[in-house]
Amino acid sequence: MVQQENIRNIAIIAHVDHGKTTLVDEMLKQGGIYREHQAVVDRVMDSGDLERERGITILAKNTSVYYKKTKINIVDTPGHADFGGEVERILKMVNGVLLLVDAAEGPMPQTRFVLQKALELGHKVIVVINKIDRLDARLDEVTNEILELLLDLDATEEQFESPTIFCSARQGVASYGPTDVGFDLSPLFETIVRYIPAPEGDKEGPLQVLVSSIDYNEYVGRIGIGRVERGVIRQNQEVAICDYHNPEHMEKGKVVALYEFDGLNRKPITEASAGEIVAFSGMNDLTIGRTICAPETPDPLPFVKISDPTIEMTFSVNDSPFAGREGKYVTSRNLRDRLERELLKDVSLRVTEQGTDAFNVAGRGEMHLSILIETMRREGYEFQVSTPRVLTKVIDGKTCEPIERMLADVPESYMGAVIEKIGQRKGDLISMTPVGSRYRLEFLVPSRGLFGYRNEFLTDTRGEGIMSSVLETYAPLKGEIARRKCGSLIAFENGDTTAYGLGGVQDRGTLFLNPGVSVYAGMIVGACNRNEDMAVNVCKKKQLTNMRASGSDEAIRLAPPRVFSLEQCLEYLSDDELLEVTPTSLRMRKRILDHSLRMRETMKNRT
């Protein structure tokens with residue numbers, strides 16, 4: 001058992017793609033976790049398929065390294081604000097944070113969001129400026145930007161004077177000064193050991209462990225992860241499970257298995273004392289935010305309030321003509337069980353039942369919900385989802401909507417187009433800062449104003465722009481925002497698309513399908529040039545007559561179809577449309593499939 005004074009618990013917080021997971025890789029290598037000549041995977045902490053594909057961290061994960069005699073427990077946190085719920089809860093497990101900032105980009109909105117939570121908890125901060133080997137690195141300017149950010153977030157005097165380390169995670173070197181030559185990560189390790197305090201906690205007191213994270217294993221069931229705040233936790237110990245927000249709740253349980261984090265593995269142990277981060281199993285009633293206590297002294301710990309969701313979507317059973325063809329799990333019971341399972345480990349998700357076949361799922365952003373949808377479809381689920389909707393609040397008698405702080409980094413020549421588009425979406429420009437040959441624009445925009453904007457932004461900036469956003473505040477509704485300027489091309493009948501049918505339609509808009517694809521009446525097959533929906537026959541075949549052969553005319557030239565990703569589909573949807581999600585297909589469709597009923601509904605809405 002490691003002595004309490006030889007433990008350091010830290011979290012690494014950073015914006016997306018600032019090198020956080022690469023730095024953890026190097027800390028593991030230099031912390032002696034790997035055997036000599038062991039094959040090592042890059043970005044080892046991004047263990048999920050989706051995390052590797054997208055290059056982002058989605059789930060907070062625990063690991064540990066040893067530096068001399070000190071054990072450093074590291075929590076790798078998500079950098080995207082949509083997974084901020086992951087960050088907020090794990091900050092309760094640590095005593096300090098590494099604030100990792102890109103030497104060229106500087107602090108970004110998500111950095112601000114997580115740092116604010118860490119400062120509120122009174123954590124010590126070590127500033128790590130990464131990627132100092134970049135040609136466009138701005139070390140002095142970025143250092144000043146970080147100090148301004150700490151001032152802006154009301155940091156204490158001690159937090160404001162946090163030590164700064166300069167490093168290149170890719171090369172595995174760190175130094176105390178911007179011009180010093182580094183040879184390894186020793187300066188970083190030394191600063192962690194010297195500056196971050198050892199965890200406090202009475203070893204002799206009654207047991208107290210706050211469950212900050214949940215894992216699941218089909219062999220042992222639910223696994224709780226948390227820091228021992230007080231006392232000693234032992235294998236086969238009888239415990240009480242308490243809830244701070246529900247004092248009446250108290251269940252009995254038993255710690256069947258106990259583990260510590262040793263590098264990338266969980267090592268079985270028999271006991272752990274105050275200050276250690278441990279994993280334990282054997283209790284069905286484990287939920288994030290509950291406290292494991294000694295049965296004779298039930299004393300639950302307060303749990304950080306997770307920010308409310310801002311966006312909601314309806315998940316429902318697939319009722320299209322193609323329902324049940326491609327999915328393994330297709331019923332409302334399957335959908336309910338899967339969403340309830342997700343709630344166990346995702347504290348920022350909310351699920352409410354709407355009737356028997358539909359569920360309103362609320363999350364922190366479009367990416368938060370799209371990751372859930374993508375994970376479910378890969379597991380074999382088939383369902384349909386609605387367009388995202390913002391969740392409003394009533395504050396002082398006024399209906400208020402979420403406002404996001406959006407930061408856009410764009411070349412000077414494309415700046416006008418971005419400002420104009422955000423203006424149309426009720427956004428306000430609050431700052432404009434030149435950064436080399438580019439400009440950094442900061443806006444306050446309603447969350448609904450950003451629906452469907454990311455693709456437009458990339459088009460307007462010719463793919464050179466970088467944008468990110470984070471929830472800032474709530475403000476009174478800003479009025480109507482026009483979302484999509486084009487209508488949809490809708491299949492008129494069931495069948496398979498033909499080159500002849502598509503050729504006759506392609507002048508009316510942009511097609512989404514190739515020939516030979518099965519469609520049904522009411523399915524969206526393209527975007528219309530006009531601002532209205534149009535029913536088209538893409539299954540039309542060329543008739544053979546005695547005057548001509550069916551293939552005698554000139555060959556039909558079809559433009560390549562526009563293929564949408566999941567996020568692009570969600571951005572494209574309008575309020576009367578749904579997205580059918582199956583393990584192999586994404587199909588956009590109208591809520592009302594029948595053409596005549598749809599026309600009747602349209603006329604009713606106009607009158």
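Keep in mind it's a predicted model, so treat the numbers as computed, not measured.
Remark: the backbone N or O of G526 is not paired with any side-chain donor or acceptor of R508 at under 3.5 angstrom. R377 places a side-chain N or O within donor-acceptor distance of the main-chain N or O of T582, the cut-off being under 3.5 Å. Between the side chain of N529 and the backbone N or O of D507, at least one donor-acceptor pair lies under 3.5 Å. A donor-acceptor pair under 3.5 Å links the side-chain atoms of R598 to the main chain of I592, judged by distance alone. Side chain of R562 to main chain of L511: no donor-acceptor pair is present (N/O by atom type, distance under 3.5 Å, no hydrogens or angles). Using a distance-only test at 3.5 Å, with no hydrogens or angles considered, no donor-acceptor pair links the side chain of S447 to the main chain of V390. A donor-acceptor pair under 3.5 Å is absent between the side-chain atoms of N318 and the main chain of E382, judged by distance alone. Formation of a donor-acceptor pair under 3.5 Å by the Q568 side chain with backbone atoms of S565 is found in this model. The closest donor-acceptor contact from the side chain of Q506 to the backbone of A559 lies under 3.5 Å.
Side chains of R440 and E105 form a contact here, defined as non-hydrogen atoms less than 4.5 Å apart. Contact check for F564 versus L586: no side-chain heavy atoms found under the 4.5 Å cut-off. You'll find the side chain of K393 stays beyond 4.5 Å of the side chain of L391, heavy atoms only. Using a 4.5 Å cut-off on side-chain heavy atoms (C-beta onward), V525 and V536 make contact. Using a 4.5 Å heavy-atom cutoff, the side chains of I419 and F443 are in contact.
Counting only N and O atoms by type, the side chains of N360 and T314 include a donor and acceptor under 3.5 Å apart. In summary, the side chains of D496 and S518 do present a donor paired with an acceptor at a separation below 3.5 Å, with no hydrogens or angles considered. Counting only N and O atoms by type, the side chains of T392 and E401 include no donor and acceptor under 3.5 Å apart. For S386 and R389, the side-chain atoms include at least one donor-acceptor pair closer than 3.5 Å. Side-chain contact annotation: Q384 with R587, donor-acceptor N/O pair under 3.5 Å absent. Side chain to side chain, S488 and Y572 meet the donor-acceptor criterion of an N or O pair below 3.5 Å.
From I430, atom CD1 reaches atom CG of L441 across 11.0 Å, with rounding to the nearest 0.5 Å. Of the inter-residue distances, the one linking E601 atom CD with L597 atom CG reads 9.0 Å to the nearest 0.5 angstrom. Atoms CG and CZ, from L450 and F457 in turn, are 11.0 Å apart once rounded to the nearest 0.5 Å. Atom CG of residue L579 and atom CZ of residue F383 lie 8.5 Å apart, to the nearest 0.5 angstrom. For the atom pair CD1 of I373 and CE of M376, the computed distance is 8.5 Å after rounding to the nearest 0.5 Å.
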(message) Could you walk me through whether I524 and L489 satisfy the side chain to side chain contact (heavy atoms under 4.5 Å, CB included) test, starting with their C-alpha distance in whole Å, then the side-chain angles of each, then the deciding distance to 0.1 Å, before giving a yes or no?
(response) CA-CA 6 Å; I524 297 169; L489 297 175; over 6 Å; no
(message) Checking R591 against E577 for the side chain to side chain contact (heavy atoms under 4.5 Å, CB included) test, could you report, in this order, the C-alpha distance in whole Å, the side-chain angles of both residues, the deciding distance, and whether it holds?
(response) CA-CA 5 Å; R591 279 181 191 273; E577 294 167 356; over 6 Å; no
(message) Under the criterion side-chain hydrogen bond (donor to acceptor under 3.5 Å, both in side chains), I'd like the reasoning laid out for S316 against D357: C-alpha separation, chi angles, the key distance, then a yes or no.
(response) CA-CA 6 Å; S316 55; D357 292 344; over 6 Å; no
(message) Does L444 form a side chain to side chain contact (heavy atoms under 4.5 Å, CB included) with R405? I'd like the steps, not just the answer.
(response) CA-CA 5 Å; L444 289 178; R405 180 185 288 268; 4.1 Å; yes
(request) Please assess E326 against T584 for the test side-chain hydrogen bond (donor to acceptor under 3.5 Å, both in side chains), listing each intermediate value before the final yes or no. (result) CA-CA 7 Å; E326 298 166 1; T584 54; 2.9 Å; yes
(message) Please determine whether side chain to side chain contact (heavy atoms under 4.5 Å, CB included) holds for the pair L349 and V361, giving the CA-CA distance in whole Å, both sets of side-chain angles, and the decisive distance to 0.1 Å.
(response) CA-CA 7 Å; L349 201 70; V361 181; 3.9 Å; yes
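By the 6.0 Å contact criterion, NZ on K421 is enclosed, its count of non-hydrogen atoms from other residues, nucleotides or ligands being greater than 12. Counting heavy atoms of neighbouring residues, nucleotides and ligands inside a 6.0 Å radius, atom CD of E480 does not exceed 12 of them.
We find that E312 and R350 are not joined by a salt bridge, their nearest charged nitrogen and carboxylate oxygen being 4.0 Å or further apart.
Within the structure, ring pair (Phe, Tyr, Trp, His ring centres under 6.0 Å) contacts touching residues 320-357 (residues at least two apart or in different chains) are F322-Y520, Y329-Y381.
For the residue pair C528 and C486, the shortest heavy atom distance occurs at O-CB, 3.2 Å. The two residues K540 and Y500 have their closest heavy-atom pair at O-CD2, 3.7 Å. Nearest heavy atoms, R438 versus G465: NH2-CA, 4.1 Å. Closest approach of P515 and L558 over heavy atoms only: CG-CD1, 3.6 Å. The two residues S370 and L570 make their nearest non-hydrogen contact at CB-CD1, 4.0 Å.
In this structure, the salt bridge (Lys or Arg N to Asp or Glu O under 4.0 Å) partners of E353, at least two apart in sequence or on a different chain, are R336. In this structure R425 satisfies the side chain to side chain contact (heavy atoms under 4.5 Å, CB included) test together with Y453, E456, I481, sequence neighbours excluded.
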